Amino acid sequence: TVDTAFNWLGAGGSTISGAGAFNVNGGLAITQAGDRTLSARTLTLNSNSTWDTLGTIHLNSGGTISNAATKVFDVQGNGTLTADNAGVGGTINNAGTFRKSAGAGTTSITSDCCRSLTFNNTGLVDVDTGTLSFIANPGTSTHTGTFDIASGAVLSFSTAQTFNGATFQGGGAVNLVGGGHTLAGTVSFVGTPLTLSNASVGGAGNLALDAASVLNLSTGGTINNSG
């Protein structure tokens with residue numbers, strides 16, 4: 001447990017590994033260009049965190065980032081968070097706010113060929129600028145929380161996700177550009193356009209777009225939910 005500020009930094013690579021939870025209670029700052037690897041351990045963020053995106057974050061062998069309720073994980077640029085190199089991949093559990101606050105380009109949530117990166121959003125994913133792209137083998141990624149995409153920003157999913165009562169808002173673009181996505185409960189779009197291309201949505205849930213939202217069904221898109 002770290003009760004003071006934790007700076008994860010350096011031009012070279014560094015690793016957190018071992019067993020059990022690694023609790024950060026005094027703030028986390030991930031900076032500089034070195035690779036940051038979380039291996040086989042849970043990094044529990046009980047305070048606000050920042051990542052300057054100069055270095056890549058790697059999760060492997062079940063490494064897990066858990067962002068606690070009311071806490072912010074602030075992505076301050078265009079970077080890559082990936083599951084790769086070893087073991088079964090990794091997991092991000094977001095009960096607080098996962099925010100892309102800077103960078104006109106793309107922040108990628110990804111994985112290599114043989115691993116998955118599961119991202120579970122029970123809190124808020126906030127895309128203020130640029131593109132947040134989920135391109136990882138998704139594992140059992142399930143979203144019950146809210147996605148807020150600012151006007152001009154983009155949220156993109158190219159691999160299968162489960163949306164269970166999730167809400168999309170903010171006016172930015174939501175693009176499903178690959179994968180078979182499952183709906184459960186009512187998945188709501190509030191003033192926010194949804195585009196499907198080379199992707200499908202199915203399941204027993206309901207896709208509910210209000211009058212200020214637009215549904216675009218493009219090449220290779222399929223809607224076959226029963227809700």
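None of the values given here were measured: they were computed from a predicted structure.
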- request: Let me see the working for T44 and V24 under side-chain contact (heavy atoms from CB on, under 4.5 Å), right down to the final yes or no.
  value: CA-CA 6 Å; T44 302; V24 179; over 6 Å; no

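- The OG1 atom of T80 sits 10.0 Å away from the CD1 atom of I57 when rounded to the nearest 0.5 Å.
- Taken from NE2 in H181 to OG in S141, the straight-line distance is 11.0 Å, to the nearest 0.5 Å.
- Note on L209: it clusters hydrophobically with L183, by side-chain heavy-atom contacts below 4.5 Å among ILVMFWY residues.
- Following chains of ILVMFWY side-chain contacts shorter than 4.5 Å, one can reach L155 starting from L207, so the two form part of one hydrophobic cluster.
- Residue pairs that meet the salt bridge (charged side-chain N to carboxylate O under 4.0 Å, His left out) test with at least one member in residues 106-125, sequence neighbours left out, are D112-R115.
- Side-chain contact between L81 and L59 is present, with heavy atoms from C-beta onward closer than 4.5 Å.
- Contact check for L28 versus L45: side-chain heavy atoms found under the 4.5 Å cut-off.
- Checking each of N25, T1, T70 against N46 for a side chain to side chain donor-acceptor pair (under 3.5 Å) leaves exactly one that passes, namely N25.
- Distance alone, capped at 3.5 Å, places no donor-acceptor pair between the D84 side chain and the N60 backbone.
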Could you pull out every donor-acceptor pair under 3.5 Å between side chains of residues 160-171 and any protein atom, sequence neighbours left out?
| unit_1 | atom_1 | unit_2 | atom_2 | d |
| --- | --- | --- | --- | --- |
| Q161 | OE1 | H143 | NE2 | 2.8 |
| Q161 | NE2 | T159 | O | 3.2 |
| Q169 | NE2 | D148 | OD2 | 3.0 |

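- Applying the ring-ring contact (aromatic ring centres under 6.0 Å, His included) test to pairs two or more places apart or on separate chains, those with a residue in residues 93-130 are F73-F98, F98-F119, F119-F134.
- Atom OG1 of T53 sits about 10.5 Å away from atom CD1 of I30, to the nearest 0.5 Å.
- Donor-acceptor pairing under 3.5 Å is recorded for the side chains of D74 and S101.
- Using a 3.5 Å distance cut-off with no hydrogens or angles, the side chains of T195 and N216 do pair a donor with an acceptor.
- Shortest non-hydrogen contact noted between K100 and T107 is CE-OG1, 3.2 Å.
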- request: Mind running side-chain contact (heavy atoms from CB on, under 4.5 Å) on T50 and N48 for me, showing each step along the way?
  value: CA-CA 7 Å; T50 59; N48 293 335; over 6 Å; no

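- For the pair S111 and N137, the tightest heavy-atom approach, listed with the atom from each and the gap, is OG-N, 2.9 Å.
- Judged by distance alone, with hydrogens and angles left aside, the side-chain atoms of R41 form a donor-acceptor pair with the main-chain N or O of G20 at under 3.5 Å.
- Here the closest non-hydrogen pair linking S213 and G191 is OG-N, 3.0 Å.
- In this structure, S47 contributes its side chain and G27 its backbone to a donor-acceptor pair below 3.5 Å.
- Although no hydrogens or angles enter the test, the distance criterion places no donor-acceptor pair under 3.5 Å between the side chain of T182 and the main chain of G180.
- The two residues N85 and H58 make their nearest non-hydrogen contact at ND2-ND1, 4.0 Å.
- No single ILVMFWY cluster, assembled from side-chain heavy atoms under 4.5 Å apart, contains both I135 and I92.
- No continuous path of hydrophobic side-chain contacts links L215 to V154 [ILVMFWY only; heavy atoms under 4.5 Å].
- Here the straight-line distance linking atom CG of L196 with atom OG1 of T219 works out to 12.0 Å at 0.5 Å rounding.
- Side chain of T110 to main chain of S108: no donor-acceptor pair is present (N/O by atom type, distance under 3.5 Å, no hydrogens or angles).
- No donor-acceptor distance shorter than 3.5 angstrom exists from the side chain of N7 to the backbone of L9, with no hydrogens or angles considered.
- N67 pairs by the side chain to side chain donor-acceptor pair (under 3.5 Å) definition with N94, not counting sequence neighbours.
- Side chains of N175 and F157 form no contact here, defined as non-hydrogen atoms less than 4.5 Å apart.
- Residue V201 comes nearest to N224 through the heavy atom pair O-OD1, 2.6 Å, listed as atom of the first residue, atom of the second, then distance.
- How far CG of L117 is from OG1 of T91: 7.0 Å, rounded to the nearest 0.5 Å.
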query: Does the side-chain contact (heavy atoms from CB on, under 4.5 Å) test come out yes or no for V187 and N206, once each step is laid out?
result: CA-CA 6 Å; V187 179; N206 178 36; over 6 Å; no

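- Taking each heavy atom of V127 and A153 in turn, the nearest pair found is O-CB, 3.7 Å.
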field: Test side-chain contact (heavy atoms from CB on, under 4.5 Å) applied to V214 and L194, step by step
entry: CA-CA 6 Å; V214 176; L194 169 63; over 6 Å; no

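- Residues passing the side chain to side chain contact (heavy atoms under 4.5 Å, CB included) test with D52 are T31, L54, sequence neighbours excluded.
- Every pair tested for ring-ring contact (aromatic ring centres under 6.0 Å, His included) that includes a residue from residues 205-227 fails, sequence neighbours excluded, so the list is empty.
- Put simply, OG1 on T129 and CG on L132 are 11.5 Å apart, with the number rounded to the nearest 0.5 Å.
- Both F189 and I223 sit in one connected hydrophobic cluster of ILVMFWY residues. Membership requires side-chain heavy atoms under 4.5 Å apart, directly or through other members.
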